[in-house]
Visitor: 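If you scroll down you'll find the structure; I have some questions about it.
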Amino acid sequence: QVQLVESGGGLVQPGGSLRLSCAASGFTSVYWTIGWFRQAPGKEREGVSCISMSDGSSYYADSVKGRFTISRDKAKNTVYLQMNSLKPEDTAVYYCATVPGPPNGRTWRWPGRYHYWGQGTQVTVSS
């Protein structure tokens, strides 16, 4: 059974930084993609970024390019989302999720593709 546990959320001022972690367990191979999604109150869940656990290839939403960086530690089965220059509009519950296979540039941001989800971690950007 695959399990995902997010951590690292919190309250930060605009312009600040946070690093989210997604610890995964139960994988039987490295050929998985892990994605980060976020959902603000009253809004749909949106894809933020994703990474291939096998080769590290990644994708980003336009709204976070240049500010967020996704990375992975294969030995720890953990994916990180470094978030810099945070804005109030980044406020949301952030979830990690996983799907077998490599990321697809067209479909990586579709929540329905992902099989397993974490419980989410709240990120609030406010002064």
Side-chain angles (χ1 to χ4, degrees):
Q1 178 75 9
V2 173
Q3 291 188 325
L4 303 172
V5 179
E6 303 99 333
S7 61
L11 173 64
V12 64
Q13 293 186 341
S17 298
L18 281 174
R19 189 177 81 155
L20 305 183
S21 299
C22 173
S25 61
F27 286 157
T28 57
S29 78
V30 296
Y31 297 104
W32 288 77
T33 291
I34 289 187
W36 281 101
F37 291 79
R38 66 187 181 186
Q39 188 165 21
K43 294 189 176 181
E44 293 186 354
R45 192 166 296 190
E46 64 170 344
V48 175
S49 183
C50 75
I51 190 167
S52 165
M53 291 301 287
S54 61
D55 66 8
S57 56
S58 60
Y59 293 94
Y60 294 91
D62 288 345
S63 58
V64 306
K65 280 180 182 176
R67 300 188 298 123
F68 291 10
T69 303
I70 195 169
S71 62
R72 93 272 194 225
D73 184 329
K74 292 170 66 174
K76 294 182 179 179
N77 264 351
T78 299
V79 169
Y80 305 98
L81 187 68
Q82 178 66 43
M83 306 187 296
N84 298 328
S85 302
L86 282 162
K87 306 175 181 179
E89 51 264 44
D90 294 317
T91 295
V93 177
Y94 283 70
Y95 300 89
C96 64
T98 189
V99 60
N104 178 288
R106 185 173 58 86
T107 64
W108 72 267
R109 66 187 74 225
W110 298 352
R113 289 195 67 239
Y114 291 76
H115 295 190
Y116 300 98
W117 290 81
Q119 81 288 350
T121 185
Q122 176 70 47
V123 172
T124 302
V125 185
S126 174
S127 55

Visitor: Between Phe68 and Leu86, is the side-chain contact (heavy atoms from CB on, under 4.5 Å) condition met? List the steps.
Guide: CA-CA 9 Å; Phe68 291 10; Leu86 282 162; 3.8 Å; yes

Visitor: Are Met53 and Leu20 connected in a single hydrophobic cluster, I mean Ile/Leu/Val/Met/Phe/Trp/Tyr linked by side-chain heavy atoms less than 4.5 Å apart?
Guide: yes

Visitor: Cluster question for you: counting only ILVMFWY and a side-chain heavy-atom cut-off of under 4.5 Å, with indirect links fine, are Tyr116 and Val79 together?
Guide: yes

Visitor: Which value, rounded to the nearest 0.5 Å, describes the distance between Ile34 atom CD1 and Ile51 atom CD1?
Guide: 9.0 Å

Visitor: Is any side-chain heavy atom of Arg109 closer than 4.5 Å to one of Glu46?
Guide: no

Visitor: How would you list all residue pairs meeting ring-ring contact (aromatic ring centres under 6.0 Å, His included) that involve residues 74-97, not counting sequence neighbours?
Guide: none

Visitor: Linking I/L/V/M/F/W/Y whenever any side-chain heavy atoms sit under 4.5 Å apart, do Ile70 and Val99 land together?
Guide: no

Visitor: Taking only residues two or more places apart in sequence or in another chain, which ones pass side-chain contact (heavy atoms from CB on, under 4.5 Å) with Thr107?
Guide: Asn104, Trp110, Arg113

Visitor: Which residue pairs pass the disulfide bond (SG atoms under 2.5 Å apart) test when at least one of the two sits in residues 57-87, sequence neighbours left out?
Guide: none

Visitor: Are any non-hydrogen side-chain atoms of Pro14 and Pro88 less than 4.5 angstrom apart?
Guide: yes

Visitor: Grab the two heavy atoms, one from Leu81 and one from Val48, that are nearest each other, plus how far apart they are.
Guide: CD2-CG1, 4.2 Å

Visitor: OH/Tyr31 to CG/Asp55 distance, rounded to the nearest 0.5 angstrom?
Guide: 9.5 Å

Visitor: Would you say Tyr60's side chain and Arg67's backbone share a donor-acceptor pair under 3.5 angstrom?
Guide: no

Visitor: Within a strict 4.5 Å, meaning less than it, do heavy atoms of the Gln82 and Ser71 side chains meet?
Guide: no

Visitor: Say whether Val123 and Trp117 are linked into one hydrophobic cluster, either directly or through other cluster members, by side-chain heavy-atom distances under 4.5 angstrom.
Guide: no

Visitor: Search all heavy atoms of Pro102 against all heavy atoms of Thr33 and return the closest pair with its distance.
Guide: C-OG1, 3.2 Å

Visitor: Consider only side-chain N and O atoms of Thr124 and Ser126, and report whether a donor and an acceptor are under 3.5 Å apart.
Guide: no

Visitor: Which heavy atom in Pro111 sits nearest to a heavy atom in Arg45, and how many Å separate them?
Guide: CG-O, 4.0 Å

Visitor: Which pair of heavy atoms, one from Leu4 and one from Ala24, lies closest together, and at what distance?
Guide: CD2-CB, 3.5 Å

Visitor: Is a side-chain N or O of Glu6 found less than 3.5 angstrom from the main chain of Thr121, in a donor-acceptor match?
Guide: no

Visitor: Does atom CD (Glu44) have a neighbourhood of more than 12 heavy atoms from anything else shown, all under 6.0 Å?
Guide: no

Visitor: Among Leu18, Leu11, Val12, exactly one meets side-chain contact (heavy atoms from CB on, under 4.5 Å) together with Val125. Which residue is that?
Guide: Val12

Visitor: Atom CD of residue position Gln122 - does it have more than 12 heavy atoms of other residues, nucleotides or ligands inside 6.0 Å?
Guide: yes

Visitor: Hey, can you tell me if Phe27 and Trp32 have their rings parallel, tilted or perpendicular (30° and 60° cut-offs)?
Guide: parallel

Visitor: Can you tell which of Arg38, Met83, Lys87 makes a side-chain contact (heavy atoms from CB on, under 4.5 Å) with Val64?
Guide: Arg38

Visitor: So, for Cys50 and Trp108, which heavy atoms are closest and what is the spacing to 0.1 Å?
Guide: SG-CB, 3.6 Å

Visitor: Are Lys65 and Asp62 within salt-bridge range, i.e. N to O under 4.0 Å?
Guide: yes

Visitor: Write down the atom of Trp36, the atom of Cys22, and the distance for their closest heavy-atom approach.
Guide: CZ2-CB, 3.5 Å

